2 protein chains.
Amino acid sequence: MADVNVSALPVSPKTGGKSDDSQGNEGIPAVELIELLFFAYRDFVGDADEHLAQLGFGRAHHRVVHFVSRHPGMRVADLLAVLKITKQSLGRVLRELVDHGYVLQRAGDSDRRERLLYVTAKGEELSRQLVSLQTRRFARAFNECGPGARLEARKFLASMIDPESREEVERLIAGADTKK
Amino acid sequence: MADVNVSALPVSPKTGGKSDDSQGNEGIPAVELIELLFFAYRDFVGDADEHLAQLGFGRAHHRVVHFVSRHPGMRVADLLAVLKITKQSLGRVLRELVDHGYVLQRAGDSDRRERLLYVTAKGEELSRQLVSLQTRRFARAFNECGPGARLEARKFLASMIDPESREEVERLIAGADTKK
DNA sequence: CGTTTACGTCAGCCATATTGACTTATTTTC
DNA sequence: GAAAATAAGTCAATATGGCTGACGTAAACG
């Protein structure tokens, strides 16, 4: 049933020439990269999606557990800033994670209005498993690509990020505290 | 600061020892790549999101217009296979695009049950604009990365795709220009 | 013929996001 | 010390984009 006849797709009549400015693109049209990134990302998140679905969680839970695990003690406001979602959206997801014992919250020391976020051992284990799945995909990819590919990919991915947010992201992935 | 002593506080993956950076990963932990891919993809789709929002469309519309533009005359079943969604999900999005004059459907020549999909001039223009936005992001990135990066990125992205689907994806992205 | 295929549609459900308004603590400021 | 600002949580309504199941219709197939 699933064998859809993709090869039945007809020729594109629209090309009056292969358009995509053939200077300096190494013979690789951007539209190819656009589509490859789409499919690559879809499979990349698919790894985690399967695992999460078995726990009744979704991608939103993944992102929360991941960042809290990486940055123990971050504030709710910090998390909102990283995820760029509203606190109402975060609310349900966070409550579910707390209720099921993956995340815990503690009042801040210096400012007791703050609810600092930590993963429990259970949350840390979940995060570790998800990282492991995706790490395997990267490892396989770089194994196919040959030496230097990992470094190249890192540069490429960083360059794809908005210049304005790049510094913040680099700080974040370096594991720096998201605080003050 | 964040160094509260909470007994259940998990050790940060960074401080706990960078587990995987001793063997063959070029000093780049996979967790960095995971996060970079997350942020890169978010900004990448953000380009199009803004543009689409002004038309009252979302990502679902983008994907449909994009693939139909790239593969004029594709069948609904082909599109469903590419997007891996159900026909019910596609239904609303496709109807909106047809109603607003971005996509049109024609009965197949040899098989009149088929509704072959085409973009209108309006749809083609929208697709072109969205590709252009994302092309600019790639161009900027590769400009920063130096020569060879485009080819490396292409290899990397292809390698990140599930091996089972890779052949199909390669056919798809080459599709409209090389087929038949 | 009868069956299968391609597509569409109705109805309902779920996950994730949004905005706006409001409450509760707590800290900061005047 | 009262007022204002801040951190977080919550209620309610809404949108988007997925899903399943059931059913219908037209056309092709055998």
Side-chain angles (χ1 to χ4, degrees), chain A residues 1-6 8-9 38 42 45-46 48-50 52-65 68 73-100 103-118 178-180, chain B residues 42 45-46 48-50 52-65 68 73-99 103-117:
Chain A
M1 151 93 220
D3 60 324
V4 191
N5 198 357
V6 175
L9 299 180
F38 170 73
R42 186 222 259 160
V45 294
D49 283 349
E50 279 180 52
L52 289 158
Q54 295 175 342
L55 300 172
F57 290 150
R59 288 185 195 176
H61 304 85
H62 183 183
R63 296 196 285 269
V64 169
V65 167
V68 172
M74 76 190 306
R75 298 175 306 158
V76 169
D78 294 329
L79 188 52
L80 291 176
V82 170
L83 301 179
K84 285 191 181 136
I85 58 173
T86 60
K87 64 179 169 179
Q88 293 91 332
S89 297
L90 179 60
R92 177 186 49 87
V93 171
L94 197 49
R95 192 186 330 113
E96 286 169 359
L97 287 170
V98 169
D99 287 351
H100 289 83
V103 169
L104 58 87
Q105 293 170 291
R106 250 175 224 235
D109 246 14
S110 54
D111 186 339
R112 297 205 317 278
R113 288 173 306 181
E114 297 174 345
R115 304 295 162 83
L116 306 186
L117 302 171
Y118 303 89
T178 41
K179 282 209 68 158
K180 318 165 172 180
Chain B
R42 186 224 256 162
V45 294
D49 283 349
E50 280 181 51
L52 290 158
Q54 295 174 341
L55 300 173
F57 290 152
R59 287 184 196 177
H61 304 85
H62 184 182
R63 296 197 283 270
V64 170
V65 168
V68 172
M74 77 192 303
R75 297 175 306 156
V76 169
D78 294 328
L79 187 52
L80 291 175
V82 169
L83 300 178
K84 284 189 183 139
I85 59 174
T86 61
K87 63 181 170 177
Q88 295 93 329
S89 298
L90 179 60
R92 179 182 47 86
V93 171
L94 196 50
R95 194 185 328 113
E96 285 169 0
L97 287 171
V98 170
D99 287 350
V103 169
L104 57 85
Q105 295 171 289
R106 271 210 296 263
D109 253 10
S110 54
D111 186 338
R112 296 206 318 280
R113 289 172 307 179
E114 298 175 345
R115 305 292 162 85
L116 307 186
L117 302 171

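The figures that follow rest on heavy atoms only: side chains count, while hydrogens, waters and symmetry mates do not. Proteins come first, then strands; the chains are lettered A, B, ... in the order of their sequence lines, and each starts at number 1. Small disclaimer: the values here were computed from a predicted structure and weren't measured.
Listed by chain and number, the residues in a ring pair (Phe, Tyr, Trp, His ring centres under 6.0 Å) with B:His61 are B:Phe57 (sequence neighbours excluded). Qualifying salt bridge (Lys or Arg N to Asp or Glu O under 4.0 Å) partners for A:Arg92, counting only residues two or more places apart in sequence or in other chains: A:Glu96. Judged as a side-chain contact (heavy atoms from CB on, under 4.5 Å), and not counting sequence neighbours, the contacts of B:Gln88 are B:Thr86.
In this structure, CG in A:Leu117 is found 12.0 Å from CZ in A:Arg106, a value given to the nearest 0.5 Å. One finds the NE2 atom of A:His62 at 11.5 Å from the CG atom of A:Leu55 (value rounded to the nearest 0.5 Å).
Axis deviation across the helix from C:dC1-D:dG30 to C:dC30-D:dG1 amounts to 20°, comparing end segments of five pairs, rounded to 10 degrees.
If you measure from atom CG of B:Leu80 to atom P of D:dT20, you get 12 Å, rounded to the nearest angstrom. In this structure, CZ of A:Arg75 is placed 12 Å from P of D:dT6, rounded to the nearest angstrom. Taking atom CZ of residue A:Arg95 and atom P of nucleotide D:dA8, one finds them 16 Å apart after rounding to whole Å. We find that CZ of A:Arg112 is positioned 15 Å from P of D:dA8, with the value rounded to whole Å. Going from atom NE2 of B:His62 over to atom C1' of D:dT16 covers 17 Å, rounded to whole Å.
Contact check for A:Arg75 versus A:Leu116: side-chain heavy atoms found under the 4.5 Å cut-off. In this structure, B:Leu83 and B:Val64 have side chains that are in contact, with non-hydrogen atoms separated by less than 4.5 Å.
Nucleic acid contact for A:Glu96: none, since no nucleic acid atom lies under 4.0 Å from a heavy atom of the residue.
Between B:Asp49 and B:Arg59, the shortest heavy-atom contact is OD2-NH2, 2.8 Å. Taking each heavy atom of B:Gly58 and B:Leu52 in turn, the nearest pair found is O-CD1, 3.7 Å.
Checked against A:Lys87 for a side-chain contact (heavy atoms from CB on, under 4.5 Å), the options A:Leu80, A:Leu79, A:Leu94 give a single hit: A:Leu80.
Residue-environment remark: CG (B:Asp99) exceeds the threshold of 12 foreign heavy atoms within 6.0 Å.
Contacts between residues 85-94 of chain B and DNA chain D, defined by a heavy-atom separation under 4.0 Å, are made by B:Ile85, B:Thr86, B:Gln88, B:Ser89, B:Arg92.
Counting 5' to 3', DNA chain C first comes under 4.0 angstrom of a heavy atom of chain A and last does so at the ends given by C:dT16 to C:dT27.
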